Amino acid sequence: MQSTLSLYNTLTRKKEVFQPLHAPFVGMYVCGPTVYGEAHLGHSRSAITFDVLFRYLQFLGYKVRYVRNITDVGHLENDADEGEDKIAQKARTAQLEPMEVVQHFTNRYHEDLKALNVLPPSIEPRASGHIIEQIELIKEIIANGLAYEINGSVYFDVPAYNQGQRYGKLSGRVIEDLLANTRELEGQSEKRSPLDFALWKKASDTHIMRWPSPWSDGFPGWHLECSAMSRKYLGPEFDIHGGGLDLLFPHHECEIAQSQASCHTDTAKYWVHNNMITINGQKMGKSLNNFITLSELFNGKHELLQQAYTPMTVRFFILQAHYRSTLDFSNEALQAARKGYIKLINGLNILDKLNYPTETAVDASQDAELLKLTQDCFNGLNDDLNTARTIASLFNLLKKINSIHTGAILLGSISAETFAYVKKTYIALVTDVLGLLEEKPVDTNDLLEVLLGFYKEAKATKDYARVDQIRAEFKKQRIVIKDMKNGIDWAYEE
RNA sequence: GGUAGCGUGGCCGAGUGGCUAGGCAGAGGUCUGCAAAACCUCGUACAGCGGUUCGAAUCCGCUCGCUACCUCCA
């Protein structure tokens with residue numbers, strides 16, 4: 001009754017019904033971060049988008065292997081031959097071992113994502129741990145005549161590849177256009193065509209990240225890791241490949257080329273891309289220096305932030321837009337998201353507290369209405385993971401739940417079966433699929449002080465029955481009240 | 001320049017031919033000792049111009065404005 005999931009496939013430029021290659025198994029690969037800096041709001045969108053997809057696929061009963069990589073090698077600072085690895089550069093300026101930089105920011109990334117209630121992937125491979133697989137892949141491509149070695153580096157031969165395949169099929173680019181627009185500043189390039197991209201780069205003497213290979217001591221090219229690792233863990237062709245829209249070209253285009261050049265597949269059946277988060281209408285990004293890191297959002301310490309925003313506020317903010325739309329950051333939007341999130345969570349608590357009485361005269365139209373509103377929640381998700389629509393539908397359903405709570409709708413007039421279904425679905429969608437958890441804003445110590453106040457009051461009025469009662473309630477929480485000469489305090493029960 | 005996309009009420013943000021998206025903010029009301037929550041009602045939103053159509057925010061054309069990718073990027 002939940003209908004079927006459709007996803008927009010960048011490869012075909014249309015929405016398609018999702019049909020796994022080997023149901024009930026689903027293989028999903030998502031491009032993770034290059035760990036050379038703090039994760040920002042933009043990173044969280046990709047993580048949260050595919051987290052919801054991961055969760056929903058599991059909710060639908062699929063057995064999902066979700067692979068999300070950590071890039072810890074290989075991304076050059078620029079395309080010039082003297083380019084330096086981002087991580088190596090960071091390591092050198094920070095006087096650290098490259099792997100220290102990698103470990104530190106990987107840990108930070110995990111902390112931030114955990115706060116956002118993003119589930120860990122099934123496998124989280126690192127590029128540096130798969131140098132052998134990448135070298136093997138290069139050998140295959142060379143053997144197929146689509147890569148060439150020069151001065152210890154190996155390049156993918158785009159024009160040769162384009163004879164049999166279409167380089168640009170994913171991003172909609174045409175090779176002639178690309179050639180016409182090539183920048184003319186790389187006169188000394190060793191590449192045969194400016195479109196060719198590196199599979200292996202020979203390291204200069206001072207380059208600190210290097211591995212031996214048949215061609216030189218060096219390091220793998222930009223796009224190779226994803227091809228090698230997705231193939232290793234998901235096979236030559238799998239179901240879903242995801243990532244940010246900015247990776248569409250050249251990164252994913254090159255992945256498809258590498259995959260076709262080695263195992264003759266498009267890598268994945270469905271290519272899914274999330275759009276960017278903007279700030280004042282501009283893409284949030286490191287190069288533009290207009291990004292807000294997740295920890296800044298959580299602690300409010302950034303000049304653009306009027307206040308701190310909790311992880312769940314951020315998560316809700318992101319889910320309230322469709323993943324393929326740009327989403328504009330603003331304090332107003334975050335503040336509105338906070339209130340909406342609270343509203344949804346209050347519904348969770350209400351459902352938890354509602355006890356179904358004995359069934360009375362069932363109002364059939366009310367039942368039908370509730371079932372329709374519940375079904376609406378799935379319609380959004382099924383339509384290309386439109387969480388914005390699902391949240392809107394949940395709010396509509398919530399109105400009914402709140403009316404039951406206040407007594408405007410009699411719970412007994414809803415069939416037990418319908419109510420159980422509504423309750424189960426609301427909770428499952430909010431917590432399991434959207435991944436929104438209750439953040440308890442209550443400061444326990446403050447609350448304890450308030451309760452101690454009542455105790456002191458009872459004591460002062462010599463209401464000993466009440467005193468004993470309060471003491472007993474504290475004891476249930478494994479807390480003892482301490483009456484001392486100089487005052488009253490509490491301590492954990494020993 | 002090439003390619004892709006966007007422009008929705010005070011703000012955010014769905015919708016893609018006819019049927020209330022939703023949230024936040026605002027106005028009025030119900031409930032209430034007060035308040036809050038909750039619920040109900042309300043605002044005549046679709047960049048502009050032209051076209052197709054019985055009917056367009058939704059399709060087509062033009063104009064204006066904005067963005068992304070084409071270098072690393074979630």
Side-chain angles (χ1 to χ4, degrees), chain A residues 10 13 30-34 36-37 39-50 68 71 74-80 83-86 89 109 168 171-174 176-183 185-186 195 197 222 242-251 253 273-278 280-288 291 316-344 346-347 350 376 379-380 383 386-396 398-409:
Chain A
T10 310
R13 308 256 156 193
V30 172
C31 291
T34 305
Y36 66 106
H40 58 68
L41 187 53
H43 291 105
S44 73
R45 189 172 201 193
S46 168
I48 288 170
T49 297
F50 293 103
R68 189 186 63 211
T71 295
H75 280 220
L76 293 180
E77 199 58 38
N78 57 52
D79 202 19
E84 189 178 13
D85 199 287
K86 277 186 178 179
Q89 188 185 62
Y109 184 67
S171 57
R173 268 156 237 249
V174 180
E176 289 76 18
D177 292 346
L178 287 168
L179 279 167
N181 288 302
T182 309
R183 295 172 188 189
L185 29 113
E186 44 183 319
L195 297 183
F197 54 90
W222 306 249
L245 194 57
D246 51 353
L247 298 178
L248 182 58
F249 188 89
H251 186 59
E253 195 68 65
H273 292 94
N274 63 279
N275 214 318
M276 303 291 101
I277 287 186
T278 59
N280 297 321
Q282 270 204 317
K283 174 183 161 181
M284 186 179 284
K286 247 192 144 70
S287 48
L288 292 163
F291 61 95
F316 184 90
F317 168 69
I318 285 169
L319 293 179
Q320 218 179 6
H322 184 222
Y323 75 91
R324 285 198 291 119
S325 300
T326 53
L327 171 60
D328 199 48
F329 162 86
S330 72
N331 281 281
E332 293 75 14
L334 262 305
Q335 282 154 10
R338 174 72 192 165
K339 295 192 180 181
Y341 155 73
I342 295 283
K343 202 166 174 168
L344 221 47
N346 281 340
I350 285 166
D376 279 349
N379 294 344
D383 185 8
N386 195 327
T387 51
R389 269 178 62 193
T390 292
I391 287 174
S393 302
L394 283 169
F395 278 121
N396 287 332
L398 180 60
K399 278 186 185 172
K400 294 287 181 191
I401 293 166
N402 281 327
S403 294
I404 293 167
H405 182 52
T406 57
I409 297 174

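If you're wondering where the values come from, they're calculated on a predicted model, not measured in any experiment. Below, read A as the first sequence line, B as the second, and so on, with proteins coming before strands; counting in each chain starts at 1.
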Start with the C-alpha distance between Phe197(A) and Glu253(A), add both sets of side-chain angles, then the distance that settles side-chain contact (heavy atoms from CB on, under 4.5 Å), and finish with yes or no. CA-CA 11 Å; Phe197(A) 54 90; Glu253(A) 195 68 65; over 6 Å; no
To the nearest Å, give me how far apart [atom1] ([X]) and [atom2] ([N]) are.
X         : N      : atom1 : atom2 : result
Asp246(A) : C72(B) : CG    : C1'   : 10 Å
Arg324(A) : A14(B) : CZ    : P     : 11 Å
Asn346(A) : C39(B) : CG    : C1'   : 15 Å
Leu178(A) : G2(B)  : CG    : P     : 14 Å
Gln282(A) : A74(B) : CD    : C1'   : 17 Å
Lys400(A) : C40(B) : NZ    : C1'   : 12 Å
Lys283(A) : A4(B)  : NZ    : P     : 19 Å
Arg13(A)  : A4(B)  : CZ    : C1'   : 7 Å

Please measure how far the [atom1] atom in [N] lies from the corresponding atom in [M], and state the result in whole Å.
N      : M      : atom1 : value
G9(B)  : G23(B) : C1'   : 14 Å
C62(B) : U3(B)  : P     : 14 Å
G15(B) : U20(B) : C1'   : 12 Å

Heavy-atom contacts, protein to nucleotides 20-35 of chain B, under 4.0 Å, summarised as B (base), S (sugar-phosphate only) or - (none) per nt, yield -BBSSS----------
Starting at the 5' end of RNA chain B, which residue's closest nucleotide do you reach first, Gly244(A) or Phe249(A)? Phe249(A)
Quick one: on RNA chain B, does Met276(A) or Arg173(A) contact a more 5' nucleotide (nearest heavy atom)? Arg173(A)
How are the rings of Phe395(A) and Phe316(A) set relative to one another: parallel (under 30°), tilted (30 to 60°) or perpendicular (over 60°)? perpendicular
Using a 3.5 Å distance criterion without hydrogens, assess whether the side chain of [X] forms a donor-acceptor pair with backbone atoms of [Y].
X         : Y         : answer
Arg45(A)  : Met276(A) : yes
Ser44(A)  : Leu41(A)  : yes
Asn386(A) : Gly380(A) : no

Counting side-chain heavy atoms from C-beta on, which of C39(B), A14(B), G13(B) comes nearest to Ser403(A)? C39(B)
Six-ring centre of Phe50(A), Arg68(A) cation under 6.0 angstrom, axis tolerance 45°: no
Under 4.0 Å between a side-chain N or O of Asn386(A) and OP1 or OP2 of G15(B)? yes
With a 4.0 Å limit, can you tell me whether Asn274(A) has a side-chain N or O closer than that to the phosphate oxygens OP1/OP2 of A74(B)? no
Can you tell me which stems involve RNA chain B, if a stem is defined as three or more consecutive Watson-Crick or G-U wobble pairs, both distances under 3.5 Å? B:1-7 with B:64-70, B:10-12 with B:22-24, B:26-30 with B:38-42, B:47-51 with B:59-63
Could you grab the distance from atom [atom1] of [X] to atom [atom2] of [Y], nearest 0.5 Å is fine?
X         : Y         : atom1 : atom2 : answer
Trp222(A) : Thr71(A)  : CH2   : OG1   : 14.0 Å
His322(A) : Thr387(A) : NE2   : OG1   : 7.0 Å
His273(A) : Cys31(A)  : NE2   : SG    : 7.5 Å

May I ask you to test the His405(A)-Ile401(A) pair for a side-chain heavy-atom distance under 4.5 Å? no
